[in-house]
Amino acid sequence: MASCAPLSSSIVEYFEGEDFYRCGYCKNESGSRSNGMWAHSMTVQDYQDLIDRGWRRSGKYVYKPVMNQTCCPQYTIRCRPLQFQPSKSHKKVLKKMLKFLANGEISKGNCEDDPMEPTMEDAVAGDVALINKLDIQCDLQRLGDNLKETLEREEKKKGRSAKKEESNELIQSQDKKMKLGSGEPSHSVEVHLVPKPGQGADLSKPPCRKAKEIRKERKRLKLMRQNPAGEREGAPAQQDPLSLFPPKAKSNQPKSLEDFMFESLPENASHKLEVRLVPVSFEDPEFKSSFSQSFSLYVKYQMAIHQDSPDECGKTEPETPPGGPDCGYGSFHQQYWLDGKIIAVGVIDILPHCVSSVYLYYDPDYSFLSLGVYSALREIAFIRQLHEKTPQLSYYYMGFYIHSCPKMKYKGHYRPSDLLCPETYVWVPIEQCLPLLETSKYCRFNQDPEAEDEGRSRDPDRLQVFYKKAVMPYGVYKKQQRERGAEAAVLQYARLVGQACSERMLLFRN
(Lines give C-alpha, C1' and ligand atoms only; values in the text may rest on other atoms or scores of the structure.)
Protein backbone atom coordinates (compact mmCIF):
# COMPACT_ATOMS: atom_id res chain seq x y z
CA MET A 1 0.00 0.00 0.00
CA ALA A 2 1.47 3.31 -1.13
CA SER A 3 1.55 6.52 0.90
CA CYS A 4 2.94 10.06 0.61
CA ALA A 5 6.51 10.68 1.76
CA PRO A 6 6.69 12.19 5.27
CA LEU A 7 8.58 15.48 5.40
CA SER A 8 11.00 14.21 8.06
CA SER A 9 12.19 11.14 6.16
CA SER A 10 15.63 10.61 4.64
CA ILE A 11 15.47 10.31 0.85
CA VAL A 12 18.50 8.75 -0.82
CA GLU A 13 19.44 7.81 -4.35
CA TYR A 14 21.77 4.81 -4.41
CA PHE A 15 24.38 4.47 -7.15
CA GLU A 16 24.60 0.90 -8.38
CA GLY A 17 27.95 -0.85 -8.36
CA GLU A 18 31.23 0.47 -7.00
CA ASP A 19 33.14 3.64 -7.79
CA PHE A 20 36.81 3.36 -8.79
CA TYR A 21 38.83 6.52 -8.42
CA ARG A 22 42.27 7.88 -7.64
CA CYS A 23 43.37 7.37 -4.04
CA GLY A 24 44.32 10.58 -2.29
CA TYR A 25 46.54 8.70 0.17
CA CYS A 26 48.73 6.30 -1.82
CA LYS A 27 48.08 8.04 -5.20
CA ASN A 28 46.96 4.80 -6.88
CA GLU A 29 45.12 5.96 -9.99
CA SER A 30 42.21 3.52 -9.63
CA GLY A 31 42.82 1.76 -6.33
CA SER A 32 40.21 3.48 -4.17
CA ARG A 33 36.81 1.77 -4.19
CA SER A 34 33.57 2.71 -2.50
CA ASN A 35 29.79 2.51 -2.65
CA GLY A 36 27.86 5.75 -2.62
CA MET A 37 24.47 7.44 -2.57
CA TRP A 38 23.14 10.98 -2.81
CA ALA A 39 21.19 12.23 0.19
CA HIS A 40 18.38 14.49 -1.01
CA SER A 41 17.50 14.73 2.69
CA MET A 42 18.92 13.01 5.77
CA THR A 43 17.77 12.83 9.39
CA VAL A 44 20.33 12.91 12.17
CA GLN A 45 19.24 9.48 13.48
CA ASP A 46 19.68 7.86 10.07
CA TYR A 47 23.11 9.42 9.65
CA GLN A 48 24.11 8.30 13.17
CA ASP A 49 23.17 4.71 12.24
CA LEU A 50 24.97 4.97 8.91
CA ILE A 51 28.29 6.14 10.36
CA ASP A 52 28.00 3.30 12.87
CA ARG A 53 28.07 1.02 9.82
CA GLY A 54 31.13 2.66 8.23
CA TRP A 55 29.48 5.35 6.07
CA ARG A 56 30.72 8.94 5.85
CA ARG A 57 29.41 12.08 4.17
CA SER A 58 31.10 14.65 1.98
CA GLY A 59 28.49 17.36 1.53
CA LYS A 60 25.37 15.45 0.48
CA TYR A 61 27.28 12.54 -1.02
CA VAL A 62 27.40 9.63 1.44
CA TYR A 63 29.93 6.88 0.77
CA LYS A 64 31.22 3.64 2.26
CA PRO A 65 34.65 2.24 1.33
CA VAL A 66 34.77 -1.32 0.03
CA MET A 67 37.10 -2.30 2.84
CA ASN A 68 38.43 -5.63 1.58
CA GLN A 69 39.17 -4.25 -1.90
CA THR A 70 40.21 -0.61 -1.58
CA CYS A 71 43.92 0.14 -1.62
CA CYS A 72 43.88 2.05 1.70
CA PRO A 73 41.21 0.65 4.05
CA GLN A 74 39.50 3.42 6.02
CA TYR A 75 38.29 2.43 9.49
CA THR A 76 35.75 4.60 11.30
CA ILE A 77 37.36 5.90 14.49
CA ARG A 78 35.78 7.46 17.55
CA CYS A 79 37.37 8.99 20.64
CA ARG A 80 35.89 8.76 24.14
CA PRO A 81 36.06 12.38 25.35
CA LEU A 82 34.88 11.62 28.90
CA GLN A 83 38.13 9.75 29.61
CA PHE A 84 40.38 11.82 27.31
CA GLN A 85 43.62 13.28 28.71
CA PRO A 86 45.74 15.58 26.52
CA SER A 87 49.12 14.23 25.48
CA LYS A 88 52.40 16.10 25.70
CA SER A 89 52.07 17.49 22.17
CA HIS A 90 48.43 18.48 22.82
CA LYS A 91 49.51 20.47 25.87
CA LYS A 92 52.19 22.22 23.82
CA VAL A 93 49.58 23.34 21.31
CA LEU A 94 47.27 24.65 24.05
CA LYS A 95 50.13 26.51 25.77
CA LYS A 96 51.25 27.95 22.45
CA MET A 97 47.77 29.36 21.86
CA LEU A 98 47.63 30.83 25.38
CA LYS A 99 51.01 32.54 24.96
CA PHE A 100 49.94 33.98 21.63
CA LEU A 101 46.67 35.33 23.07
CA ALA A 102 48.32 36.66 26.23
CA ASN A 103 51.32 38.49 24.81
CA GLY A 104 51.41 37.87 21.06
CA GLU A 105 54.27 35.37 21.35
CA ILE A 106 54.75 33.34 18.18
CA SER A 107 56.50 29.99 18.40
CA LYS A 108 59.90 30.06 16.68
CA GLY A 109 59.77 26.34 15.92
CA ASN A 110 58.72 24.96 12.58
CA CYS A 111 54.94 24.77 12.61
CA GLU A 112 55.07 21.91 10.10
CA ASP A 113 56.47 19.56 12.73
CA ASP A 114 53.49 19.23 15.02
CA PRO A 115 50.13 20.34 13.60
CA MET A 116 48.49 17.02 12.84
CA GLU A 117 51.11 14.34 13.31
CA PRO A 118 51.96 13.62 16.97
CA THR A 119 55.04 11.48 17.47
CA MET A 120 55.13 8.02 19.03
CA GLU A 121 56.54 9.59 22.18
CA ASP A 122 53.42 11.72 22.53
CA ALA A 123 51.16 8.72 22.01
CA VAL A 124 52.88 6.85 24.83
CA ALA A 125 52.69 9.94 27.06
CA GLY A 126 48.96 10.11 26.43
CA ASP A 127 48.52 6.49 27.53
CA VAL A 128 50.49 7.11 30.72
CA ALA A 129 48.34 10.14 31.53
CA LEU A 130 45.20 8.06 31.11
CA ILE A 131 46.53 5.21 33.28
CA ASN A 132 47.65 7.63 35.99
CA LYS A 133 44.30 9.42 36.01
CA LEU A 134 42.34 6.19 36.39
CA ASP A 135 44.64 4.93 39.13
CA ILE A 136 44.30 8.16 41.10
CA GLN A 137 40.52 8.19 40.84
CA CYS A 138 39.95 4.51 41.62
CA ASP A 139 42.73 3.60 44.01
CA LEU A 140 44.12 6.73 45.66
CA GLN A 141 44.03 5.41 49.24
CA ARG A 142 45.83 2.18 48.41
CA LEU A 143 48.59 3.99 46.53
CA GLY A 144 49.02 6.41 49.46
CA ASP A 145 49.44 3.55 51.95
CA ASN A 146 51.95 1.81 49.69
CA LEU A 147 53.93 5.04 49.36
CA LYS A 148 54.14 5.45 53.13
CA GLU A 149 55.38 1.87 53.63
CA THR A 150 57.90 2.27 50.86
CA LEU A 151 59.38 5.43 52.32
CA GLU A 152 59.75 3.81 55.75
CA ARG A 153 61.66 0.91 54.21
CA GLU A 154 63.73 3.41 52.26
CA GLU A 155 64.92 5.00 55.51
CA LYS A 156 66.02 1.63 56.88
CA LYS A 157 67.59 0.09 53.82
CA LYS A 158 68.94 3.28 52.20
CA GLY A 159 66.58 3.03 49.28
CA ARG A 160 67.76 0.15 47.15
CA SER A 161 65.49 -2.72 48.12
CA ALA A 162 62.51 -0.45 48.74
CA LYS A 163 62.84 1.15 45.33
CA LYS A 164 62.69 -2.30 43.73
CA GLU A 165 59.51 -3.22 45.63
CA GLU A 166 57.88 0.12 44.78
CA SER A 167 58.67 -0.45 41.12
CA ASN A 168 57.03 -3.90 41.24
CA GLU A 169 53.92 -2.52 42.92
CA LEU A 170 53.53 0.25 40.34
CA ILE A 171 54.09 -2.12 37.43
CA GLN A 172 51.34 -4.36 38.80
CA SER A 173 48.96 -1.42 39.14
CA GLN A 174 49.68 -0.37 35.55
CA ASP A 175 49.11 -3.90 34.22
CA LYS A 176 45.64 -4.20 35.79
CA LYS A 177 42.67 -4.19 33.46
CA MET A 178 40.54 -1.11 34.04
CA LYS A 179 37.03 -0.14 33.04
CA LEU A 180 36.88 2.95 30.92
CA GLY A 181 33.36 3.98 31.97
CA SER A 182 32.07 4.63 28.45
CA GLY A 183 28.62 3.21 29.12
CA GLU A 184 29.43 0.07 27.12
CA PRO A 185 30.80 -3.32 28.16
CA SER A 186 34.18 -2.64 29.66
CA HIS A 187 37.35 -3.38 27.70
CA SER A 188 40.80 -3.94 29.04
CA VAL A 189 43.65 -1.50 28.67
CA GLU A 190 46.97 -3.27 28.56
CA VAL A 191 50.48 -1.87 28.64
CA HIS A 192 52.33 -3.14 25.60
CA LEU A 193 55.94 -3.68 24.71
CA VAL A 194 58.60 -1.31 25.96
CA PRO A 195 59.21 1.31 23.25
CA LYS A 196 62.51 1.52 21.46
CA PRO A 197 65.10 3.97 22.79
CA GLY A 198 64.19 7.53 21.86
CA GLN A 199 60.52 6.70 21.22
CA GLY A 200 58.91 7.44 24.55
CA ALA A 201 58.74 6.60 28.23
CA ASP A 202 59.34 3.04 29.43
CA LEU A 203 55.94 1.99 30.77
CA SER A 204 57.48 -0.90 32.70
CA LYS A 205 59.08 1.59 35.09
CA PRO A 206 57.31 3.74 37.71
CA PRO A 207 56.57 7.35 36.76
CA CYS A 208 59.17 9.89 37.84
CA ARG A 209 58.58 11.88 41.04
CA LYS A 210 60.04 15.24 41.92
CA ALA A 211 62.88 15.17 44.45
CA LYS A 212 61.14 17.95 46.39
CA GLU A 213 58.06 15.76 46.93
CA ILE A 214 60.20 12.83 48.11
CA ARG A 215 62.05 15.07 50.59
CA LYS A 216 58.75 16.33 51.99
CA GLU A 217 57.48 12.79 52.48
CA ARG A 218 60.69 11.79 54.28
CA LYS A 219 60.50 14.83 56.54
CA ARG A 220 56.89 14.16 57.40
CA LEU A 221 57.54 10.51 58.27
CA LYS A 222 60.57 11.50 60.37
CA LEU A 223 58.44 13.93 62.38
CA MET A 224 55.78 11.27 62.83
CA ARG A 225 58.35 8.83 64.30
CA GLN A 226 59.82 11.50 66.59
CA ASN A 227 56.42 12.59 67.86
CA PRO A 228 53.96 9.68 67.63
CA ALA A 229 51.84 10.99 70.57
CA GLY A 230 51.73 14.59 69.34
CA GLU A 231 54.46 15.84 71.80
CA ARG A 232 58.18 16.16 71.96
CA GLU A 233 60.04 15.40 75.18
CA GLY A 234 59.73 18.35 77.57
CA ALA A 235 57.63 20.47 75.22
CA PRO A 236 53.90 20.70 74.57
CA ALA A 237 52.54 19.81 71.19
CA GLN A 238 52.25 22.98 69.09
CA GLN A 239 51.17 21.60 65.73
CA ASP A 240 50.11 18.35 64.14
CA PRO A 241 53.18 17.05 62.26
CA LEU A 242 50.97 16.19 59.27
CA SER A 243 49.93 19.83 58.98
CA LEU A 244 53.52 21.01 58.65
CA PHE A 245 53.50 19.90 55.03
CA PRO A 246 49.86 19.83 53.99
CA PRO A 247 49.35 18.09 50.67
CA LYS A 248 48.43 20.44 47.87
CA ALA A 249 44.94 20.07 46.53
CA LYS A 250 45.00 17.90 43.40
CA SER A 251 48.80 17.72 43.61
CA ASN A 252 48.80 14.32 41.91
CA GLN A 253 45.82 14.94 39.65
CA PRO A 254 46.75 15.58 36.01
CA LYS A 255 45.42 18.88 34.70
CA SER A 256 42.30 18.41 32.63
CA LEU A 257 41.84 19.55 29.07
CA GLU A 258 39.69 22.43 30.30
CA ASP A 259 42.39 23.52 32.79
CA PHE A 260 44.80 24.07 29.90
CA MET A 261 42.28 25.42 27.40
CA PHE A 262 40.42 27.95 29.54
CA GLU A 263 43.28 29.29 31.62
CA SER A 264 42.58 32.93 32.49
CA LEU A 265 44.30 35.60 30.42
CA PRO A 266 45.58 38.99 31.65
CA GLU A 267 43.28 41.97 31.27
CA ASN A 268 45.63 43.53 28.74
CA ALA A 269 45.91 40.39 26.60
CA SER A 270 47.30 40.97 23.11
CA HIS A 271 44.55 39.05 21.30
CA LYS A 272 40.99 37.89 21.83
CA LEU A 273 39.76 34.50 20.58
CA GLU A 274 36.07 33.69 20.41
CA VAL A 275 34.50 30.41 19.23
CA ARG A 276 30.97 30.68 17.88
CA LEU A 277 28.65 27.78 17.07
CA VAL A 278 26.52 28.63 14.03
CA PRO A 279 23.91 26.36 12.41
CA VAL A 280 24.43 25.77 8.70
CA SER A 281 21.31 27.57 7.50
CA PHE A 282 20.71 30.81 5.64
CA GLU A 283 17.70 31.27 7.90
CA ASP A 284 20.18 31.87 10.72
CA PRO A 285 21.21 35.56 10.67
CA GLU A 286 24.71 34.92 12.07
CA PHE A 287 25.46 32.25 9.46
CA LYS A 288 24.10 34.50 6.71
CA SER A 289 26.06 37.57 7.79
CA SER A 290 29.36 35.65 8.12
CA PHE A 291 28.97 33.43 5.04
CA SER A 292 30.91 35.66 2.66
CA GLN A 293 33.92 35.91 5.03
CA SER A 294 33.75 32.20 5.81
CA PHE A 295 33.60 31.21 2.14
CA SER A 296 36.51 33.50 1.24
CA LEU A 297 38.56 31.79 3.95
CA TYR A 298 37.58 28.38 2.51
CA VAL A 299 38.79 29.39 -0.97
CA LYS A 300 42.07 30.73 0.46
CA TYR A 301 42.62 27.49 2.40
CA GLN A 302 41.84 25.19 -0.54
CA MET A 303 44.13 27.11 -2.88
CA ALA A 304 47.05 27.31 -0.42
CA ILE A 305 46.86 23.88 1.21
CA HIS A 306 45.34 21.67 -1.51
CA GLN A 307 46.38 23.71 -4.57
CA ASP A 308 42.78 23.93 -5.84
CA SER A 309 41.90 26.51 -8.48
CA PRO A 310 39.20 29.09 -7.59
CA ASP A 311 36.75 27.32 -9.92
CA GLU A 312 37.11 24.08 -7.95
CA CYS A 313 36.03 25.73 -4.68
CA GLY A 314 32.30 25.38 -5.28
CA LYS A 315 29.75 26.61 -2.73
CA THR A 316 27.84 23.96 -0.81
CA GLU A 317 24.08 24.23 -0.43
CA PRO A 318 22.80 25.06 3.04
CA GLU A 319 21.48 22.31 5.28
CA THR A 320 18.82 23.10 7.88
CA PRO A 321 19.34 21.09 11.08
CA PRO A 322 16.33 19.32 12.60
CA GLY A 323 15.29 20.35 16.11
CA GLY A 324 17.15 19.05 19.13
CA PRO A 325 18.16 19.94 22.69
CA ASP A 326 19.74 23.37 23.36
CA CYS A 327 21.80 24.12 20.23
CA GLY A 328 19.91 21.37 18.35
CA TYR A 329 21.09 18.49 16.17
CA GLY A 330 22.38 18.77 12.64
CA SER A 331 25.15 20.54 10.72
CA PHE A 332 27.08 23.39 12.34
CA HIS A 333 30.10 25.61 11.82
CA GLN A 334 32.40 26.30 14.74
CA GLN A 335 33.85 29.65 13.78
CA TYR A 336 37.14 30.79 15.35
CA TRP A 337 37.15 34.59 15.54
CA LEU A 338 40.48 36.24 16.34
CA ASP A 339 40.24 39.96 17.01
CA GLY A 340 37.00 40.21 15.01
CA LYS A 341 38.23 38.12 12.04
CA ILE A 342 37.43 34.48 11.16
CA ILE A 343 40.69 32.50 11.07
CA ALA A 344 39.26 28.96 11.06
CA VAL A 345 35.99 27.08 10.61
CA GLY A 346 35.32 23.58 11.88
CA VAL A 347 32.42 21.84 10.11
CA ILE A 348 30.74 19.42 12.54
CA ASP A 349 27.59 17.30 12.73
CA ILE A 350 25.87 17.09 16.10
CA LEU A 351 24.13 13.70 16.19
CA PRO A 352 22.18 11.80 18.87
CA HIS A 353 25.25 10.01 20.27
CA CYS A 354 28.24 11.96 19.01
CA VAL A 355 29.78 15.00 17.44
CA SER A 356 31.19 14.05 14.05
CA SER A 357 34.05 16.14 12.69
CA VAL A 358 33.49 16.72 8.97
CA TYR A 359 36.11 19.22 7.85
CA LEU A 360 38.35 22.06 8.99
CA TYR A 361 39.62 24.97 6.97
CA TYR A 362 41.76 27.80 8.30
CA ASP A 363 43.82 30.82 7.33
CA PRO A 364 47.28 29.54 6.31
CA ASP A 365 48.77 32.73 7.80
CA TYR A 366 47.99 31.25 11.24
CA SER A 367 49.46 27.81 10.66
CA PHE A 368 51.91 28.44 13.50
CA LEU A 369 49.01 27.98 15.96
CA SER A 370 48.50 24.32 14.92
CA LEU A 371 44.81 24.98 14.38
CA GLY A 372 44.12 21.39 13.31
CA VAL A 373 45.08 20.04 16.72
CA TYR A 374 43.63 23.00 18.60
CA SER A 375 40.22 22.69 16.93
CA ALA A 376 40.08 18.96 17.66
CA LEU A 377 40.74 19.64 21.34
CA ARG A 378 38.06 22.35 21.37
CA GLU A 379 35.60 19.89 19.84
CA ILE A 380 36.42 17.29 22.51
CA ALA A 381 35.82 19.90 25.22
CA PHE A 382 32.56 20.87 23.48
CA ILE A 383 31.32 17.26 23.62
CA ARG A 384 32.02 17.14 27.35
CA GLN A 385 29.91 20.27 27.72
CA LEU A 386 27.05 18.79 25.66
CA HIS A 387 27.22 15.54 27.63
CA GLU A 388 26.33 17.34 30.86
CA LYS A 389 22.85 18.09 29.52
CA THR A 390 22.54 15.27 26.99
CA PRO A 391 24.12 12.17 28.62
CA GLN A 392 23.74 9.92 25.57
CA LEU A 393 25.93 12.29 23.53
CA SER A 394 29.38 11.14 24.57
CA TYR A 395 31.57 10.32 21.55
CA TYR A 396 33.79 12.19 19.12
CA TYR A 397 33.86 10.70 15.62
CA MET A 398 37.03 11.74 13.80
CA GLY A 399 36.24 10.25 10.41
CA PHE A 400 38.49 7.49 9.10
CA TYR A 401 41.68 6.04 10.54
CA ILE A 402 44.04 4.84 7.80
CA HIS A 403 46.82 2.74 9.27
CA SER A 404 48.59 2.28 5.92
CA CYS A 405 48.94 6.06 5.49
CA PRO A 406 51.47 7.59 7.93
CA LYS A 407 49.92 11.07 7.64
CA MET A 408 46.54 9.76 8.80
CA LYS A 409 47.77 7.87 11.87
CA TYR A 410 47.58 10.98 14.06
CA LYS A 411 43.89 10.24 14.77
CA GLY A 412 44.95 7.18 16.75
CA HIS A 413 46.75 9.40 19.27
CA TYR A 414 43.54 10.87 20.68
CA ARG A 415 43.06 8.25 23.39
CA PRO A 416 41.08 6.34 24.45
CA SER A 417 39.59 5.52 21.08
CA ASP A 418 37.92 2.64 19.22
CA LEU A 419 37.85 1.35 15.66
CA LEU A 420 34.76 -0.07 13.97
CA CYS A 421 34.94 -3.72 12.91
CA PRO A 422 34.20 -3.72 9.15
CA GLU A 423 32.30 -7.02 9.31
CA THR A 424 30.29 -7.07 12.54
CA TYR A 425 30.12 -3.28 13.17
CA VAL A 426 31.08 -3.44 16.83
CA TRP A 427 33.58 -1.05 18.43
CA VAL A 428 36.97 -2.43 19.45
CA PRO A 429 39.64 -0.52 21.49
CA ILE A 430 42.37 0.67 19.17
CA GLU A 431 45.05 -1.03 21.32
CA GLN A 432 43.65 -4.39 20.26
CA CYS A 433 43.44 -3.39 16.59
CA LEU A 434 46.93 -1.99 15.98
CA PRO A 435 48.80 -5.34 16.20
CA LEU A 436 46.39 -6.79 13.64
CA LEU A 437 46.87 -3.85 11.28
CA GLU A 438 50.64 -4.29 11.43
CA THR A 439 50.23 -7.66 9.70
CA SER A 440 47.39 -6.86 7.26
CA LYS A 441 45.83 -3.69 5.85
CA TYR A 442 42.36 -5.22 6.04
CA CYS A 443 41.30 -6.78 9.34
CA ARG A 444 38.23 -8.11 11.07
CA PHE A 445 38.66 -6.70 14.57
CA ASN A 446 35.96 -8.78 16.23
CA GLN A 447 37.82 -11.92 17.29
CA ASP A 448 34.67 -13.98 17.87
CA PRO A 449 34.44 -16.18 14.75
CA GLU A 450 30.75 -16.82 15.39
CA ALA A 451 29.80 -13.13 15.64
CA GLU A 452 27.69 -11.69 12.84
CA ASP A 453 26.37 -8.31 11.81
CA GLU A 454 23.42 -7.92 14.18
CA GLY A 455 21.96 -5.06 12.16
CA ARG A 456 22.12 -6.83 8.78
CA SER A 457 19.23 -6.80 6.34
CA ARG A 458 16.97 -9.77 7.04
CA ASP A 459 13.87 -8.88 5.04
CA PRO A 460 14.59 -6.74 1.92
CA ASP A 461 10.91 -6.68 1.00
CA ARG A 462 10.31 -4.31 3.95
CA LEU A 463 12.74 -1.80 2.49
CA GLN A 464 10.97 1.51 1.74
CA VAL A 465 10.88 2.81 -1.85
CA PHE A 466 9.98 6.33 -2.96
CA TYR A 467 8.47 6.16 -6.46
CA LYS A 468 6.36 8.81 -8.22
CA LYS A 469 5.79 10.75 -4.97
CA ALA A 470 4.51 7.62 -3.24
CA VAL A 471 6.11 5.41 -0.58
CA MET A 472 5.75 1.64 -0.72
CA PRO A 473 7.57 -1.49 0.53
CA TYR A 474 10.02 -2.95 -1.94
CA GLY A 475 8.00 -6.19 -1.99
CA VAL A 476 5.07 -4.26 -3.49
CA TYR A 477 7.23 -2.13 -5.77
CA LYS A 478 9.05 -5.03 -7.43
CA LYS A 479 5.75 -6.76 -8.29
CA GLN A 480 4.48 -3.62 -10.02
CA GLN A 481 7.65 -2.54 -11.85
CA ARG A 482 9.66 -5.70 -12.46
CA GLU A 483 12.84 -3.75 -13.28
CA ARG A 484 15.33 -5.94 -15.06
CA GLY A 485 18.60 -6.16 -13.11
CA ALA A 486 17.45 -3.73 -10.43
CA GLU A 487 17.08 -6.27 -7.63
CA ALA A 488 20.83 -6.87 -7.26
CA ALA A 489 21.45 -3.15 -6.63
CA VAL A 490 18.56 -2.92 -4.13
CA LEU A 491 19.82 -5.96 -2.22
CA GLN A 492 23.35 -4.48 -2.14
CA TYR A 493 21.93 -1.22 -0.78
CA ALA A 494 19.93 -3.07 1.90
CA ARG A 495 23.00 -5.06 2.97
CA LEU A 496 25.16 -1.94 3.31
CA VAL A 497 22.70 0.30 5.19
CA GLY A 498 21.25 -2.46 7.41
CA GLN A 499 17.68 -3.40 8.23
CA ALA A 500 16.82 -0.42 10.46
CA CYS A 501 17.89 2.25 7.97
CA SER A 502 16.36 0.40 5.00
CA GLU A 503 12.96 0.51 6.73
CA ARG A 504 13.24 4.21 7.67
CA MET A 505 15.05 5.80 4.72
CA LEU A 506 13.28 6.14 1.37
CA LEU A 507 15.14 4.70 -1.62
CA PHE A 508 14.41 6.95 -4.57
CA ARG A 509 13.55 5.09 -7.78
CA ASN A 510 13.10 6.89 -11.08
Side-chain angles (χ1 to χ4, degrees), residues 51-54 56 65 67-68 70 72-87 118-135 138 171-196 199-204 353-354 380 394-406 408-455:
I51 61 175
D52 283 332
R53 293 184 63 83
R56 186 78 177 158
M67 296 291 284
N68 59 352
T70 192
C72 297
Q74 302 163 58
Y75 299 92
T76 303
I77 182 170
R78 72 176 187 186
C79 173
R80 282 172 262 161
L82 305 186
Q83 294 85 32
F84 175 80
Q85 273 296 115
S87 69
T119 62
M120 179 60 70
E121 179 179 358
D122 293 328
V124 173
D127 287 343
V128 173
L130 170 64
I131 292 170
N132 287 344
K133 180 180 180 184
L134 291 173
D135 274 346
C138 302
I171 291 170
Q172 289 170 8
S173 70
Q174 287 180 345
D175 285 340
K176 283 189 176 182
K177 294 181 178 180
M178 298 173 292
K179 293 183 179 179
L180 294 177
S182 63
E184 298 186 49
S186 62
H187 300 293
S188 61
V189 175
E190 298 178 358
V191 177
H192 296 290
L193 297 177
V194 175
K196 296 178 181 179
Q199 291 190 343
D202 188 345
L203 299 186
S204 66
H353 300 291
C354 72
I380 289 174
S394 55
Y395 296 104
Y396 179 46
Y397 284 47
M398 297 179 285
F400 290 132
Y401 173 80
I402 307 172
H403 192 75
S404 56
C405 178
M408 295 299 290
K409 284 187 176 182
Y410 72 89
K411 295 181 181 182
H413 299 308
Y414 291 81
R415 302 286 182 92
S417 56
D418 310 298
L419 297 184
L420 186 68
C421 176
E423 296 182 10
T424 62
Y425 303 111
V426 297
W427 295 98
V428 181
I430 194 171
E431 294 87 355
Q432 298 178 22
C433 304
L434 295 181
L436 301 174
L437 291 171
E438 288 294 329
T439 60
S440 174
K441 288 196 297 185
Y442 173 75
C443 297
R444 171 192 167 110
F445 298 136
N446 190 333
Q447 297 301 292
D448 180 1
E450 304 297 324
E452 296 181 337
D453 171 16
E454 295 295 332

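Between Tyr425 and Arg53, the shortest heavy-atom contact is CE2-O, 3.1 Å. Phe84 approaches Cys79 most closely through the heavy-atom pair CD1-SG, 4.1 Å.
Taking the side chain as every heavy atom from C-beta outward, Ser87 and Tyr414 never approach each other to under 4.5 Å. In this structure, Phe445 and Val426 have side chains that are not in contact, with every pair of non-hydrogen atoms separated by 4.5 Å or more. Inter-residue side-chain proximity for Tyr395 and Arg80 is flagged as met; some heavy-atom pair is nearer than 4.5 Å.
One finds the CD atom of Gln447 at 8.5 Å from the SG atom of Cys421 (value rounded to the nearest 0.5 Å). Going from atom CG of Asn68 over to atom NZ of Lys441 covers 12.0 Å, rounded to the nearest 0.5 Å. Once rounded to the nearest 0.5 Å, the distance linking CD1 of Ile402 with OH of Tyr410 reads 9.5 Å. The CD atom of Gln74 sits 13.5 Å away from the OH atom of Tyr401 when rounded to the nearest 0.5 Å. The CD1 atom of Ile380 sits 11.0 Å away from atom CG of Leu82, with the distance rounded to the nearest 0.5 Å. Going from atom OG of Ser417 over to atom CD of Gln83 covers 11.5 Å, rounded to the nearest 0.5 Å.
Residues Tyr397 and Asp52 have side chains that bring a donor and an acceptor to within less than 3.5 angstrom of each other.
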Check against side-chain contact (heavy atoms from CB on, under 4.5 Å), Leu419 and Ile430: CA-CA 6 Å; Leu419 297 184; Ile430 194 171; 4.1 Å; yes
Intermediate values then yes/no, side-chain contact (heavy atoms from CB on, under 4.5 Å), Phe400 and Ile77: CA-CA 6 Å; Phe400 290 132; Ile77 182 170; over 6 Å; no
Chi angles and distances behind the side-chain contact (heavy atoms from CB on, under 4.5 Å) call for Thr424, Asp448: CA-CA 10 Å; Thr424 62; Asp448 180 1; over 6 Å; no
Worked verdict on Lys409 versus His403 for side-chain contact (heavy atoms from CB on, under 4.5 Å): CA-CA 6 Å; Lys409 284 187 176 182; His403 192 75; 3.9 Å; yes
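Judged by distance alone, with hydrogens and angles left aside, the side-chain atoms of Arg444 form a donor-acceptor pair with the main-chain N or O of Asn446 at under 3.5 Å. Distance alone, capped at 3.5 Å, is enough to place a donor-acceptor pair between the Tyr75 side chain and the Cys443 backbone. Within the 3.5 Å criterion, the main-chain N or O of Met67 finds no donor-acceptor partner in the side chain of Thr70.
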